[in-house]
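To keep things clear, I will list the structure first and then write my remarks on it.
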Amino acid sequence: MHSPIKEVNPQSESVEIVGWVHEIRDLGGLLFCLVRDRTGILQVTIPKKKVSPIVQEVMKGVTRESVVRIRGTVKAIEKAPGGRELIPDNVELLNSCETPLPLDVVEKVSADLDTRLDARFLDIRKPRVTSIFLIRSAMMDAVQVYLFSRGFIHCTTPKIVAAATEGGTELFPIAYFEKEAFLNQSPQLYKQMMMAAGMEKVFEIGPIFRAEEHNTTKHLNEATSIDVEVSFADHRDVMALLESLIVHVYGQIREQCSDQLAALNIEEFPIPRIPFPRIPYEEAIGIATAKTNEKISFGDDIGTTAEKAIGDEIGEHYFIVDWPTAIKPYYAMPYEDQPHLCRAFDLMHPRMELASGAQRVHQYALLVEQIRAKGLAPEGFEFYLNPFRYGMPPHAGWGLGAERLLMTMLGLNNIREAVLFPRDRHRLVP
RNA sequence: GCCCAGGUAGUGUAGUGGCCUAUCAUGUCGGCCUGUCACGCCGACGACUCGGAUUCAAAUUCCGACCUGGGCGCCA
């Protein structure tokens with residue numbers, strides 16, 4: 001049985017490791033071969049005159065990034081990296097690697113993102129990139145553990161759907177036998193139906209698809225959404241849930257991923273403090289107007305420039321609350337006393353929007369009215385609207401962008417860094 | 001979709017009309033080397049995105065196409 005490289009220590013008498021050849025330094029009579037697995041790198045030292053001729057013979061065929069299995073003795077040596085090295089009794093070449101490599105895994109020479117994504121499997125072997133995805137895995141785990149601990153039920157809803165969730169955003173049409181269908185842009189309608197189904201607290205983590213031709217460092221055409229919906233809750237309840245989830249995730253990553261954070265050169269990993277400031281929309285556009293000299297009127301969307309200005313001003317996570325009803329989807333609940341404002345919120349990181357949510361409209365008549373007000377036809381939403389006629393509880397929820405959360409947490413400068421195989425306007429392969 | 005900047009060995013770059021038979025690093029191959037850790041030294045290999053135009057002369061200027069990055073719009 002082989003050991004993870006991280007766990008190899010001088011106390012282990014005989015050890016077997018498997019991995020990729022990271023670097024070879026041949027000094028003549030002495031050869032150093034660094035072997036890497038996803039947990040770390042170990043120096044294998046080969047004093048040529050002292051090891052068996054078979055080991056020497058096999059090593060001649062070993063190129064960088066070849067896959068090897070090595071058995072030998074571990075020694076504590078101060079001058080070796082990590083204070084330990086492996087003297088092999090046996091080296092097995094499991095698979096050789098062609099040369100030249102499409103990119104440099106050791107990162108002596110950098111590669112453009114495009115080159116990296118073309119050879120993503122190799123790019124991910126870089127310890128720095130491996131770390132991003134180990135943290136992503138820990139992040140997803142932390143989200144699920146937290147939500148389960150709060151009594152949530154995990155559900156899975158269709159990604160092939162018949163209609164748009166809310167208009168506005170563009171959908172990818174697909175052929176569904178003799179019918180036209182689309183890839184879902186959001187599980188919104190289905191998670192609301194789970195409220196009508198009496199599930200009370202549900203979450204779903206799944207792909208969402210947007211056919212917008214944007215070309216930015218924070219948009220993807222296929223993204224991962226962390227979606228939550230809660231019955232008998234209002235917008236304030238789910239905002240509190242959201243901010244405490246964010247804090248939990250940061251805390252878990254700080255606790256569990258110190259090696260990965262170090263690999264990413266992240267020395268400080270402060271956990272956000274709650275409660276996050278709640279900034280009413282009207283105040284937010286006031287801040288943006290003051291800082292940018294751009295005039296933003298009530299009812300305008302907050303553009304990129306304004307968003308950055310507000311983020312600079314606040315300097316930490318914050319919520320924008322009390323949005324104009326007119327610029328939020330029809331399912332956002334208006335305030336009874338001020339129907340031009342609604343119980344919707346966006347969770348913002350100083351760099352960008354992370355999540356949006358709201359208390360939802362649960363009254364059938366109001367919902368139909370709001371759908372009409374958006375210029376949409378209620379007839380197209382019958383499957384969604386029917387549940388509202390038969391005992392829909394009041395409810396609230398949100399959707400959180402997983403890639404954006406990871407990106408802002410780790411300070412990645414492009415959202416594509418947070419996805420294994422990103423889908424953007426031009427990239428469909430690999 | 002709009003605007004801006006780009007496209008030179010496997011990778012990352014220098015080169016803004018002739019000095020380019022194209023720079024440097026890394027890599028690969030060969031040689032030397034027993035403590036490297038960006039190992040060192042010697043030698044070799046390997047590239048101007050495509051099409052058209054201007055010019056005695058184009059990697060370099062112009063036009064078009066394709067591709068890439070960034071900003072904005074739209075959006076989460």
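Both backbone and side-chain heavy atoms feed into the values below; hydrogens, waters and symmetry mates do not.
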Do [X] and [Y] have side-chain atoms, one donor and one acceptor, less than 3.5 Å apart?
X	Y	value
T39(A)	E7(A)	no
E243(A)	H317(A)	no
Y146(A)	S244(A)	yes

[atom1] atoms of [N] and [M], separation to the nearest Å:
N	M	atom1	value
rG6(B)	rG31(B)	P	45 Å
rU54(B)	rU60(B)	C1'	14 Å
rU61(B)	rG17(B)	P	8 Å
rG46(B)	rC29(B)	P	16 Å
rU16(B)	rU23(B)	P	14 Å
rC56(B)	rC42(B)	P	46 Å
rA65(B)	rA9(B)	C1'	25 Å
rA38(B)	rC3(B)	P	47 Å

| message | Whether the side chain of K191(A) engages the backbone of W398(A) through a donor-acceptor N/O pair (distance < 3.5 Å, no angle test) should be reported. | response | yes

| query | Checking K6(A) side chain against D37(A) main chain: does a donor-acceptor pair fall under 3.5 Å? | reply | no

| said: Would you call the rings of F276(A) and F319(A) parallel, tilted or perpendicular, taking 30° and 60° as the class edges? | reply: tilted

Pairing nucleotide - [N], Watson-Crick or G-U, each distance under 3.5 Å:
N	answer
rU61(B)	rA53(B)
rG69(B)	rC4(B)
rG27(B)	rC45(B)
rG40(B)	rC32(B)
rU13(B)	none

| Sequence neighbours excluded, which residues qualify as ring pair (Phe, Tyr, Trp, His ring centres under 6.0 Å) partners of Y190(A)? | F383(A)

| field | With sequence neighbours excluded, residues passing ring pair (Phe, Tyr, Trp, His ring centres under 6.0 Å) with H219(A) | value | H214(A)

Restricting to nitrogen or oxygen on both sides, can you table the protein-nucleotides 34-38 of chain B pairs closer than 3.5 Å?
| from | atom 1 | to | atom 2 | distance (Å) |
| --- | --- | --- | --- | --- |
| rU34(B) | OP2 | G29(A) | N | 2.7 |
| rG35(B) | N1 | E85(A) | OE1 | 3.2 |
| rG35(B) | N1 | E85(A) | OE2 | 3.2 |
| rG35(B) | N2 | E85(A) | OE1 | 2.7 |
| rU36(B) | O2 | R25(A) | NH1 | 3.2 |
| rU36(B) | N3 | Q43(A) | OE1 | 2.8 |
| rU36(B) | O4 | Q43(A) | OE1 | 3.3 |
| rU36(B) | O4 | Q43(A) | NE2 | 3.0 |
| rU36(B) | O4 | K79(A) | O | 2.9 |
| rC37(B) | O4' | R25(A) | NH1 | 3.3 |
| rC37(B) | N3 | K79(A) | O | 3.2 |
| rC37(B) | N4 | K79(A) | O | 2.8 |

| request: Can you spot which of R136(A), R416(A), K218(A) makes a salt bridge (Lys or Arg N to Asp or Glu O under 4.0 Å) with E403(A)? | output: R136(A)

| said: I need the single residue from R116(A), R64(A), K126(A) that forms a salt bridge (Lys or Arg N to Asp or Glu O under 4.0 Å) with D104(A). Which is it? | reply: R64(A)

| task | Using a 4.0 Å heavy-atom cut-off across all strands, classify L400(A) as base, sugar-phosphate, or nothing. | result | nothing

| At under 4.0 Å between heavy atoms, what does S225(A) touch on the DNA or RNA strands: base, sugar-phosphate, or nothing? | nothing

Might you list the N or O atoms of the protein lying below 3.5 Å from N or O atoms in nucleotides 40-43 of chain B, with each pair's distance?
none

| request: Indicate yes or no: does E85(A) engage K79(A) in a salt bridge with an N to O separation below 4.0 Å. | output: no

| said: So, OP1 or OP2 of rG70(B): does either fall under 4.0 Å of a side-chain N or O from N413(A)? | reply: no

| task | Using only side-chain N and O atoms of T216(A), determine if any of them is under 4.0 Å from OP1 or OP2 of rG70(B). | result | no

How many Å lie between [atom1] on [X] and [atom2] on [N], as a whole number?
X	N	atom1	atom2	result
I24(A)	rG30(B)	CD1	C1'	16 Å
H214(A)	rC74(B)	NE2	P	12 Å
I302(A)	rG73(B)	CD1	P	12 Å
R416(A)	rU68(B)	CZ	P	10 Å
R210(A)	rG1(B)	CZ	P	20 Å
R425(A)	rG70(B)	CZ	C1'	17 Å
E98(A)	rC29(B)	CD	P	13 Å
M352(A)	rC72(B)	CE	C1'	15 Å

| Any side-chain heavy atom of Q43(A) within less than 4.5 Å of one from T45(A)? | yes

| field | Within residues 284-309 of chain A or reaching into it, pairs that qualify as ring-ring contact (aromatic ring centres under 6.0 Å, His included) - sequence neighbours excluded | value | Y281(A)-F298(A), F298(A)-H340(A)

| Nearest-nucleotide 5' precedence on RNA chain B, A223(A) against D114(A) | D114(A)

| field | Atom pair CD1 (I135(A)) and CG (L264(A)), whose distance is rounded to the nearest 0.5 Å | value | 5.0 Å

For nucleotides 9-12 of chain B, give me every protein contact, N/O to N/O, under 3.5 Å, one pair per line with atom names.
| from | atom 1 | to | atom 2 | distance (Å) |
| --- | --- | --- | --- | --- |
| rG10(B) | O2' | L101(A) | O | 3.0 |
| rG10(B) | O2' | P102(A) | O | 3.4 |
| rU11(B) | O2' | S110(A) | O | 2.9 |
| rG12(B) | OP1 | D112(A) | N | 3.0 |
| rG12(B) | OP1 | T115(A) | OG1 | 2.8 |
| rG12(B) | O4' | S110(A) | O | 3.0 |

